[in-house]
Amino acid sequence: MHNHAAILTIDLAALTANWRMLAQRSAPGECAAVVKANAYGLGIETAVPALAKAGCRTFFVAHLSEAIRVRAAAPDADIFVLNGLSAGQMEAYTAHRLAPVLGSMPEIEAFLAASNANPGIPAPALHVDTGMNRLGLRPDVARDFIAQGGLARLKPGLVMSHFVSAETPDDPVTATQIATMTSVVAHMESHSQRPRVSLCNSSGLFLDIAPTYHLCRPGYALYGGNPTPGKPNPMQPVIRLESSIVQIHTVLKGERVGYNGNFLATRDSRIATISCGYADGFPRNAGAKPGEPGGIAILAGREVPFAGNVSMDLITLDITDVPEGSVKPGDLATLIGDSLDIDRVGASGKTSGYEILTNLGQRYQRIYVQPE
Ligand SMILES: *Cc1c(COP(=O)(O)O)cnc(C)c1O
């Protein structure tokens with residue numbers, strides 16, 4: 001077991017339980033799964049079959065390369081590619097039965113021009129930008145497109161938009177986005193077009209004011225992230241990260257630990273050095289500076305603070321308050337798990353839980369807990 005310094009346990013039973021819970025919230029609409037960025041770091045090849053087996057029929061990814069992997073893992077699923085269609089990709093979309101999410105008039109025209117030669121391509125999605133100003137047709141452009149019979153020509157399988165800050169329920173942009181989407185839907189209906197509609201991401205599914213429409217698109221909450229920051233996390237944790245102690249040693253009062261000596265011992269201290277670092281995706285910003293607390297680990301049932309900088313392959317922990325003899329080299333420290341949920345770990349590294357997930361390292365031993 002010591003070929004790997006750290007162990008990442010991925011609980012596929014918790015993943016599918018989270019999907020079922022979100023599917024209930026999506027009802028009577030459908031619940032998809034967003035599995036971009038290698039299923040938020042968990043691994044497409046394991047997460048997608050587990051979700052498909054639980055009943056998930058629709059997947060979203062960002063890139064064509066990811067979509068091809070999802071197709072191999074879920075032969076019958078509907079797969080949407082959020083970042084859309086680039087020149088020369090039509091054949092691959094058709095061959096793998098992938099649906100592009102189209103978000104600009106040139107992209108739509110290119111799709112329509114190429115779809116004659118590729119009649120097997122699945123119906124695309126149309127992305128309407130209700131405020132993110134990132135991807136999608138501006139609402140006025142979408143209205144013109146609808147008024148000119150564009151939907152009848154394009155025949156989208158889905159019309160979608162994306163929330164700017166659904167995780168902060170008080171942000172007024174959310175109500176504006178909902179109003180814009182409502183008016184686009186009414187405009188489509190007034191032109192006798194009733195494509196399926198999708199709006200909610202994870203946090204959107206927990207907003208009382210957000211309509212769930214026909215399809216919801218959670219990502220983060222599936223993987224155990226808290227869709228309701230500041231409130232108790234309704235999701236089950238999916239990942240646990242543990243790393244073994246390489247050495248324990250004593251530093252004397254006045255000595256320093258790690259690069260740049262950012263930990264100064266204000267008393268004789270015991271330091272445990274564990275085998276995980278920023279090369280494993282653990283944020284370097286979780287390093288502790290004087291007067292600025294950083295990351296936390298759990299050892300012998302106790303939370304212990306990082307001592308100084310996070311190195312490439314190592315983290316030093318101040319275990320002075322852990323009773324001597326209760327930990328030894330080879331023992332595992334928990335970096336993610338129990339009281340250290342991914343939101344808290346993200347905050348301690350001055351980033352988000354999303355980034356903790358998508359940066360999960362490549363040299364962990366990965367253990368998958370299978371659903372019953
Ligand atoms: C990433 C993404 C999602 C999923 O968002 P979460 O906050 O992870 O639930 C949904 N829709 C779009 C367009 C996305 O880019």
Side-chain angles (χ1 to χ4, degrees), residues 15 18-19 21-23 25-26 29-42 44 47-48 51 56 58-64 66-67 70 78-85 99-104 107 124-137 156-169 171 173-174 177-178 180-181 196-207 210-230 233-236 238-239 341-343 346 351-360:
L15 174 72
N18 285 341
W19 181 80
M21 190 265 245
L22 296 168
R25 293 194 77 89
S26 306
E30 182 190 339
C31 187
V34 180
V35 294
K36 61 195 180 188
N38 198 24
Y40 288 48
L42 271 66
I44 282 177
V48 166
L51 289 163
C56 182
T58 304
F59 294 90
F60 287 82
V61 292
H63 292 273
L64 174 59
E66 299 172 324
V70 175
D78 290 341
I79 303 171
F80 289 97
V81 185
L82 291 165
N83 287 13
L85 191 65
V101 178
L102 306 175
S104 71
E107 217 182 345
L126 179 66
H127 193 159
V128 179
D129 188 345
T130 53
M132 184 78 93
N133 291 324
R134 188 176 71 168
L135 289 174
L137 297 187
L158 194 68
V159 172
M160 57 167 273
S161 192
H162 189 38
F163 281 126
V164 171
S165 46
E167 70 287 353
T168 36
D171 192 324
V173 72
T174 304
Q177 289 190 274
I178 292 169
T180 304
M181 199 63 184
R196 301 175 84 208
V197 177
S198 174
L199 179 59
C200 287
N201 65 340
S202 297
S203 292
L205 267 164
F206 290 82
L207 288 174
T212 47
Y213 290 119
H214 305 96
L215 182 74
C216 294
R217 307 186 310 272
Y220 190 51
L222 287 173
Y223 310 105
N226 188 353
T228 59
N233 189 349
M235 313 312 299
Q236 293 187 26
V238 174
I239 62 165
D341 61 26
I342 50 180
D343 291 85
T351 179
S352 71
Y354 286 78
E355 208 175 43
I356 298 295
L357 288 173
T358 56
N359 281 345
L360 282 171

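Hydrogens, waters and symmetry mates play no part in the numbers below; they use all other heavy atoms, side chains included. Counting starts at 1 for both ligands and their atoms, in listed order.
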Looking only at distances, please establish whether an N/O atom of ligand 1 is found under 3.5 Å from an N/O atom of N201. yes

Does F60 come within less than 4.0 Å of ligand 1, judged by its heavy atoms? no

With a 4.0 Å cut-off on heavy atoms, is A221 in contact with ligand 1? no

For atom 11 (N) of ligand 1, the closest protein heavy atom turns out to be R217 NE, 3.0 Å

Can you check whether L82 has an N/O within less than 3.5 Å of an N/O in ligand 1? no

Has ligand 1 got any nitrogen or oxygen that is less than 3.5 angstrom from a nitrogen or oxygen of K36? yes

About how many Å separate CE of M160 and CE of M181, when rounded to the nearest 0.5 Å? 8.5 Å

Distance-only side-chain donor-acceptor flag, S161 / Q177, under 3.5 Å: no

Under 4.0 Å to a heavy atom of R134 - the qualifying atoms of ligand 1, by number: 15 (O)

M132: heavy atom below 4.0 Å from ligand 1, yes or no? no

Which atoms of ligand 1 sit under 4.0 Å from any heavy atom of Y220? 6 (P), 8 (O), 9 (O)

Just to confirm my output: which protein heavy-atom neighbour is closest to atom 8 (O) of ligand 1, and how far is it? Y40 OH, 2.5 Å

